Amino acid sequence: MHADILQQSSLRELRDDEEKPYELLLLADEKREAIQQYIHDAKIYILEKDAEKIAVFVLQEVTTMSVEIKNIAVAEAYQGKGIGKYLLREAAQIAREMGYEDLLIGTANGSIMQIYLYQKEGFEIAGIRKNFFTDNYPKPIYENGIHCKHMIVFQKKL
Ligand code: ACO
């Protein structure tokens with residue numbers, strides 16, 4: 001854990017009048033149109049270091065009891081330093097304070113690191129959105145040499 005980066009950074013909700021951080025959002029979701037489907041009725045949280053936006057996560061209500069992390073991304077230069085883990089914990093804390101009971105997050109069947117990270121952070125498999133990527137994305141997506149067809153949905157009790 002690079003505690004110094006987190007000490008020099010601050011997390012806050014993006015205001016409605018601020019530009020959406022597409023450069024970061026596109027790291028987690030390669031289709032801008034897909035991001036536009038959820039970004040306008042979601043809450044966007046950004047991690048800033050020296051006025052630079054270095055990470056983001058997006059929360060969207062699913063039901064009155066559950067909320068989903070629709071997008072989570074750390075700028076490439078800052079990946080692998082514990083920031084993703086920190087953001088997942090902060091997202092859980094924020095969702096808990098908002099009164100939700102469940103936090104959801106989905107990722108592709110080929111996203112091995114994300115599948116590892118979410119389970120390590122206490123998320124459990126709750127379901128599969130079968131053919132989510134083949135149905136919603138025009139080109140085949142490959143990660144770790146695996147054709148990403150389905151979305152695995154994880155859930156954490158808050
Ligand atoms: N390969 C293998 N393991 C890794 C790697 C890697 N390249 N990078 C990190 N890890 C491990 C770490 O060792 C750590 O495990 P540990 O606790 O056992 O040491 C764990 O993964 C978490 O590492 P962090 O440093 O907290 O992860 P990071 O800050 O990189 O954030 C994230 C993870 C958000 C996935 C980031 O890498 C990223 O932005 N990737 C591109 C966008 C993306 O894929 N977003 C998620 C898509 S799904 C969605 O948005 C809902």
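Please read these numbers as outputs of a predicted model, since none were measured by experiment. First listed ligand is number 1; within each ligand, the first listed atom is number 1.
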J.: Quick one: list whatever passes salt bridge (charged side-chain N to carboxylate O under 4.0 Å, His left out) with Glu30, sequence neighbours left out.
T.: none
J.: Thinking salt bridges, do Glu18 and Arg12 make one under a 4.0 Å N-O criterion?
T.: yes
J.: Using side-chain heavy atoms (C-beta onward) and a distance below 4.5 Å, is Ile112 in contact with Ile146?
T.: yes
J.: Hydrophobic clustering (ILVMFWY, side-chain heavy atoms < 4.5 Å, transitive) - are Leu88 and Val56 grouped together?
T.: no
J.: Say whether Leu103 and Ile44 are linked into one hydrophobic cluster, either directly or through other cluster members, by side-chain heavy-atom distances under 4.5 angstrom.
T.: no
J.: Strictly below 4.0 Å, N to O, side chains only: are Glu121 and Arg89 in salt-bridge contact?
T.: yes
J.: Exactly which residues line ligand 1, taking a heavy atom under 4.0 Å from it as the test?
T.: Leu27, Ala28, Ile69, Lys70, Asn71, Ile72, Ala73, Val74, Gln79, Gly80, Lys81, Gly82, Ile83, Gly84, Lys85, Ile105, Gly106, Thr107, Met113, Gln114, Tyr116, Leu117, Tyr118, Lys120
